Amino acid sequence: MNETNLRQMESDIEWIEKELQHCCRTKPETNPQAKVLEAMRYSLEAGGKRIRPLLVLAFCRACGGDVQKALKPALAIEMIHTYSLIHDDLPAMDDDDYRRGRLSCHKAFDEATAILAGDALNVLPFELLSTDTTLPAETRVSLIAELANAAGAEGMIGGQVIDIANETRTDVDQNNLVNMYAHKTGALIRVACTMGCMVAGANDKMLTAATEYAQRLGLAFQIVDDILDVTGTPELLGKPIGSDAAHHKTTFVTLLGLEGAKAEASRLTEEALRLLEDIPEHQFLTELTEALLNRNY
């Protein structure tokens, strides 16, 4: 990234981190449930790339919107993502002890608290969006509907179901994998982009470009994750490597080989970059997209 865009990204992440810290504070009236609030904070403050909230802010800004009005949608999608990670790490799911370089929520607390912390982070976003008076009521309702769809059985949760089913299958092919990734990873990335456009009042052409861009980016993002599970290091990834193989998961690396997976991620990224040409101020998004392809964590 050039210096200007790098500063913008760092500033946006700092803003997101600061605002997330305010969302789960214990108050006198919530002292009895302080443990679950602490678990929510623990997981929200674990860091990460913050790609989804960055995309909300970036698309709002690129489409000429007031980025201050995109803050609550950005926080909302990061909460949904964080809840999914808490539940993914549970013994009944991926059974991972570490996330982002420290103990997973159920290891730092206990399984019941982790489940409830995830549940709470799954509903808090809709409170944030519904009470955000900086946005018209019609926009708030649309944002809630889009986020609920992307996070539910037709989106992220549906993708997780397909992923679990695939662990016991020997006939997983590329079409199955693309469908699973489009739901499990792509749905939240897509809605991050479209929510930014919606806050900005973008026209149909911009909204279509953002949706198609996100479809390519989401798949490329997950393919890079597949690659890093083979080539990465626990220190950079913040979690053990080789978990896909340990869970007998079919990935783009197992289907196409390492070089084939890299080529497919590059192809999808190039398509995504071309689609950004219909977004007015896309320079930041262009550099962010290239950085996601070349990341090592």
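Numbers here are sequence positions counted from 1. These numbers were taken from a predicted model, which means no experiment stands behind them.
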What pairs with [X] under side-chain hydrogen bond (donor to acceptor under 3.5 Å, both in side chains), at least two apart in sequence or on another chain?
X: Ser11; answer: none
X: Asp278; answer: none
X: Glu3; answer: Arg7

To check you understand the geometry: which heavy-atom pair defines the closest contact between Gly118 and His87, and what is its length?
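Result for this residue pair: CA-NE2, 3.6 Å.
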
Can you list the residues that meet the salt bridge (charged side-chain N to carboxylate O under 4.0 Å, His left out) rule with Glu17, with sequence neighbours excluded?
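Testing Glu17 for salt bridge (charged side-chain N to carboxylate O under 4.0 Å, His left out), a comparison that skips the adjacent residues, returns Arg50.
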
Please tabulate, one pair per line, all N/O donor-acceptor pairs under 3.5 Å involving side-chain atoms of residues 256-266, not counting sequence neighbours.
unit_1	atom_1	unit_2	atom_2	d
Glu264	OE1	Arg267	NE	3.1
Glu264	OE2	Arg267	NH2	2.6
Ser266	OG	Lys262	O	3.1

Pairs meeting criterion side-chain hydrogen bond (donor to acceptor under 3.5 Å, both in side chains) with involvement of [range], two or more places apart:
range: residues 121-131; answer: none
range: residues 54-74; answer: Asp12-Arg61
range: residues 152-161; answer: Asn149-Glu154
range: residues 190-212; answer: none

Glu14, CD atom: more than 12 neighbouring heavy atoms under 6.0 Å:
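Open.
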
Show every ring-ring contact (aromatic ring centres under 6.0 Å, His included) that has at least one partner inside residues 165-196, sequence neighbours left out.
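Those involving residues 165-196 are Tyr181-Phe252.
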
Which residues satisfy the side chain to side chain contact (heavy atoms under 4.5 Å, CB included) test with Lys49, sequence neighbours excluded?
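Residues passing side chain to side chain contact (heavy atoms under 4.5 Å, CB included) with Lys49: Ile51, Phe221, Arg295, Tyr297.
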
Once side chain to side chain contact (heavy atoms under 4.5 Å, CB included) is applied, do any residues pair with Thr254, and if so which ones, sequence neighbours excluded?
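Once residues adjacent in sequence are excluded, the partners of Thr254 under the side chain to side chain contact (heavy atoms under 4.5 Å, CB included) criterion are Thr250, Thr251.
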
Is the gap between the ring centers of Phe284 and Phe59 under 6.0 Å?
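No, the ring of Phe284 stays outside the 6.0 Å limit from the ring of Phe59, centre to centre.
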
